[in-house]
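Before any comments, here is the structure.
Keep in mind that what you see is a predicted model, and the values were worked out from it rather than measured. Values reported hereafter were calculated over all heavy atoms of this structure, with side chains retained and with hydrogens, waters and symmetry mates removed. Every chain is numbered from 1, with letters handed out A, B, ... down the list of sequences.
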Amino acid sequence: MRQKFDPDALPKAYDASSVEDGIYAAWEASGAFQPQGKGEPYTIVMPPPNRTGTLHMGHATMLAIEDLLIRFQRMQGKRAWWIPGTDHAAIATQVKVEQMLVKQGMKNPREELGREKFLEEVVKFAAESRDTIVNQVRKMGSSCDWENEKYTFDEERNRAVNKMFAMMYEDGIIERGYRLVNWDPQFQTTLSDDEVQSKEVTAKLLTFTYDKDFPIAISTTRPETKFGDTAVAVHPDDKRYKKFVGKTFEPVFCGKKLLIKVIADEAVDPEFGTGALGVTPAHSMIDADMAVRHSLETVPVIGKDARLIEGVVGSGFGGLTITEAREKIQILLEDGGLLKSVTDVQQHLPVAERGGAPVEQLPMKQWFVRVNKSFVLRQDTLNKWKKGESATLKELMIEAVKSGETKIVPERFDKTYFHWIENLRDWCISRQIWFGHRILVWYKGEETKVSDVSPGEGWEQDPDTLDTWFSAGMWTFSTLGWPDEKEFKKHRKFHPTAVLETGYDILFFWVARMILMSTYALGEVPFKDVYLHGLVRDEQGRKMSKSLGNILDPLDLIPKYGTDAVRLSLVMGSTPGQDVKLSEEKIQGFRNFTNKLWNISRFMMMQMGEGDPSQSEPKTLADYWIRSRWLEVSRNVTEKIKTYQFSAAGEELRDFTWSDLADWYLEIAKIEKGKENILASLLQALLIHWHPFMPFVTEYIWKTAGFEGELITTSWPQMHAATDCKEDAEKAAEFEVLRSLITDMRRLRAEQGIEPAKIVEFSLVGSKQVTSLIEENMDVFKTLARASNISIVPSVQEGWATLVSGTTTIGLDVAGSVDIEKEKAKMTKEIADTERYIASTKQKLSNKEFMAKAPAKVKEEMETKYAEAEAKLNTLKERMEKLG
RNA sequence: GGACGCUUAGCUCAGUUGGUUAGAGCAUCUCGUUUACACCGAGAGGGUCGUAGGUUCGAAUCCUACAGCGUCCACCA
């Protein structure tokens, strides 16, 4: 039973920092974070933050949106399950720890400590990071299931990774091969294509011949790789070089004898440079492809240390860095009279995403996931393939989105996704770093075995680890117990997960790979929807970065403005896929907003009675009006959240709360008594709808008001058509007329410069409909007027209201102060337009030729529109008659 | 080079299948401290919806071209 309130006990301002921790602890203790009840399962797996340190605004956005979704669905009666976790982020974490150890004085931590000791350091750091991150996630108010926290590098996930590797190996889509890979010389590891970015640089384009006797000049920005050339390629139609095609030369390039075959290949652009291309299969992807087509030899000349390899290059070049070699070659060519020209060109230099070092393309023996290779499906897949049929991973990835089983919000990212997949190359998954899932492959001479344990004497384990995205790709089902059959069966209904919410920047890195893994291993999509949020930028739209010093840290802002304010500032005013500009002022604005909600509620609490809110029935016109408004708002808000329009939902709620509720209804409630129960039920409804947006303040009010249970587990009210009947709507409409009259009066008063504080007098007579409405509801009308410091007095003047204040008298057209003539003109035009439309459509519909040709859909649409237009015309004409 | 996005009030942005007079927040100006709230309230000003065409009874919304800005992808050596 609720108690009456002592207003003095309620603070005037809401102090977030003093209540949030307590509320969070209560939620967690209540078990609300675990999936409850028998409803339909609704799963979100939290994109696991990297264990590299702390959370940033991007994480805060992700948590705000996902918590909003989870809370909403939980209140909708779903078995909502939000699974938290962290990512070991192999290379990122290892690099971070290395840098830390170097700072502490070590020169080369990996060499000094050795694999085992070094890994201990990484594990220790990762554990600390995990604690920090988890604490931050809690601070954001995230209602995730901490009893099921996962880690991409814990034992269960390791089992999943190993199982996946073994399956793919068995199916022939994981293969070891000697191919060109991206090599990061700084961290001494391979990188996937996605971990390589391009940087614009100005490079020198050298045009030259290998030696005096070589007949074709070539151009390159990478002369140092030319020691590895095994061919010169020209376009098949290029007349200049036709006579050389098929011939072999043995030029001496900077002291190294080459074996150059002249080949013809369509990939060569005859317009560029000399129209001839020196082919270096060992250090260029395009050249490597050509080498396959023409059976060319691959001669690596650059080593893992990004220096030229002694013995395969000209004498004096071995051991030189790329820059040194370039300079030396240029001088030699110039001296030998071989250099034709040097020009500056803009070039995209591949650099490592982490560390920023130039990435070299080197041929190496590595493990690959083959995306274009057909394999036999282990189960029915995506409603398209049956068990035992064949498909490629690429086909699976395309089908998942094309079929609509996974929908991307916003839709336009579909195109980006398909484009990326079409150009996808095999995925190099082996890394030469230590921190990560070890590849469970053993070698003995030429023999290879996949096994958890050593197959026996003389077997050596592969020293490499797996790309971090390999384990991350399995996140939706490795967190649900897969591959343990018993465990996974228990959670089977929670997969596919409902929605994957993440930034658009990792659509390729992660989202696409999750689709790959899930469709491959389970035959189903990993999630039904993908919601991509924008990136959080600073006030000027720049990326937040340490070097710019423009980082806003959620952990600084939360104590200052409250978690609810921070969350709102990330959800409101942002649309999917669109970047958000964030400033402290914006957050401050939402702090005010939070406080306003508190004060509205505080006032309602003070007016509320002790009765049962569910027993409230509307009595006055104002009651009918506010309830009818609320039903509409509630419906819209619910629908908008369901369709991921969070900002629009929040705005609609805000407009109701401020304009309708606070500015009108509560002002009336100060005067009209007997609203105890309806106020309580309104407050409940309001808190329920605001809860997913601002969980702390709403839960705090809920408890303060003494409502039953916890708001977090209170169910969202279902809207019944019965509560929205015709009579109710009419009453609401009547109130609306009275309200608009008062609004007009207020404006009139302001225009006349009469102080709002002064009570001014209006006298009303007006048109018959309106006057009779006012007469019937004089009490309500007077109350409304009083709330605006207006008093109504009888008048002798027909058809007009007068506002009297001192010597000022103003007439008011009580029909709603519309300009009748203007209204008439507008309607006349509209009627004419509609009539014209009807005439033209009629003609089309009666045109036999057109009807025969037009598709059914078009005809149907035209007919509907035609009917609509006729109905509209009738309404318009009726209204016109009323105006006279 | 390809793709995508943005261009709407001074600023930040909404505007979901084309449909009353294009909205909100912030900022500005005027007025106001009526015990829910100054982390407040009442009002006001401010937009040829990037430009030019087209489709339509009707376009910020659809189509075409152009301009500026931005992002992603791509091996022109």
| Partner of A:Asn550 by side chain to side chain contact (heavy atoms under 4.5 Å, CB included), out of A:Arg537, A:Glu539, A:Met544 |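 When side chain to side chain contact (heavy atoms under 4.5 Å, CB included) is applied between A:Asn550 and each of A:Arg537, A:Glu539, A:Met544, only A:Met544 qualifies.
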| Below 4.0 angstrom, N of the basic side chain to O of the carboxylate: do A:Lys640 and A:Glu651 qualify? |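 Judged by the 4.0 Å cut-off on N to carboxylate O distance, A:Lys640 and A:Glu651 do not form a salt bridge.
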| Taking 4.0 angstrom as the limit, do A:Glu639 and A:Lys642 come out as a salt bridge? |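 Answer for the salt bridge query: no.
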Nearest-Å distance for atom pair [atom1]/[atom2], residues [X] and [N]:
X        : N      : atom1 : atom2 : answer
A:Glu422 : B:rG2  : CD    : C1'   : 13 Å
A:Ile218 : B:rA77 : CD1   : C1'   : 9 Å
A:Arg654 : B:rA24 : CZ    : P     : 9 Å
A:Asn599 : B:rA38 : CG    : P     : 7 Å
A:Asp289 : B:rC76 : CG    : P     : 13 Å
A:Tyr14  : B:rC37 : OH    : C1'   : 16 Å
A:Arg602 : B:rA38 : CZ    : C1'   : 14 Å
A:Phe590 : B:rC39 : CZ    : P     : 18 Å

Using a heavy-atom cut-off of under 4.0 Å over every strand shown, decide if [X] touches base, sugar-phosphate, or nothing.
X        : answer
A:Ala233 : nothing
A:Thr575 : sugar-phosphate
A:Gln578 : sugar-phosphate
A:Thr220 : sugar-phosphate
A:Glu667 : base
A:Arg425 : base
A:Asp663 : sugar-phosphate
A:Lys586 : nothing

For [N], which nucleotide in any strand shown is its Watson-Crick or wobble partner with both distances under 3.5 Å?
N      : value
B:rG32 : B:rC40
B:rA9  : none
B:rA27 : none
B:rC72 : B:rG2
B:rC49 : none
B:rC62 : B:rG54
B:rG18 : none

| field | Along RNA chain B (nearest heavy atom to each residue), the more 5'-positioned of A:Gly589 and A:Tyr504 | value |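 It is A:Gly589, whose closest nucleotide lies nearer the 5' terminus.
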| Comparing A:His348 and A:Glu539 on RNA chain B - which has the more 5′ nearest nucleotide |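 Closest to the 5' end, via its nearest nucleotide, is A:Glu539.
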Provide the distance between the two [atom1] atoms, one in [N] and one in [M], to the nearest whole Å.
N      : M      : atom1 : answer
B:rU20 : B:rA67 : P     : 34 Å
B:rG41 : B:rU21 : P     : 31 Å
B:rG50 : B:rG43 : P     : 31 Å
B:rG54 : B:rU61 : C1'   : 15 Å
B:rU51 : B:rU7  : P     : 13 Å
B:rU56 : B:rA42 : P     : 47 Å
B:rA3  : B:rA44 : P     : 48 Å
B:rG46 : B:rA59 : P     : 24 Å

Name the closest nucleotide to the [X] side chain, picking from [options].
X        : options                : answer
A:Lys12  : B:rC37, B:rU12, B:rA77 : B:rC37
A:Ile286 : B:rA74, B:rC75, B:rA77 : B:rC75
A:Met606 : B:rA14, B:rG5, B:rA36  : B:rA36
A:Lys596 : B:rA36, B:rA77, B:rC4  : B:rA36
A:Phe508 : B:rC73, B:rC39, B:rU12 : B:rC73

| task | Taking the six-membered ring for Trp and the single ring otherwise, decide whether the centroids of A:Phe693 and A:Trp690 are under 6.0 Å apart. | result |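 Ring-ring flag for A:Phe693/A:Trp690: true, centres closer than 6.0 Å.
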| task | Just say parallel, tilted or perpendicular for the rings of A:Trp658 and A:Phe593, cut-offs at 30° and 60°. | result |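 Ring orientation, 0 to 90° scale: parallel.
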| message | Check this for me: does the side-chain of A:Arg591 come within 3.5 Å of the base of B:rC39 through a donor and an acceptor? | response |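 Checked by distance alone, the answer is yes.
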Determine: side-chain N/O of [X] to OP1/OP2 of [N], distance under 4.0 Å, yes or no.
X        : N      : answer
A:Ser284 : B:rC75 : no
A:Asn592 : B:rC40 : yes
A:Trp658 : B:rG25 : no

| request: Can you see which heavy atom on A:Ser647 is nearest to which on A:Gly573, and at what distance? | output: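 Where A:Ser647 meets A:Gly573 most closely, the heavy atoms are OG-N, 2.6 Å.
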| query | Considering all heavy atoms of both residues, which atom of A:Val580 and which atom of A:Ser574 are nearest to each other, and what is their separation? | reply |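 Heavy atoms of A:Val580 and A:Ser574 come nearest at CG2-CB, 3.7 Å.
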| query | Just checking, any donor-acceptor pair under 3.5 angstrom between side chains of A:Asp15 and A:Tyr700? | reply |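 Looking only at side-chain atoms, A:Tyr700 and A:Asp15 do not form any donor-acceptor pair under 3.5 Å.
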| query | Between the side chains of A:Thr202 and A:Gln346, is a donor N or O closer than 3.5 angstrom to an acceptor N or O? | reply |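 Present: a donor and an acceptor within the cut-off.
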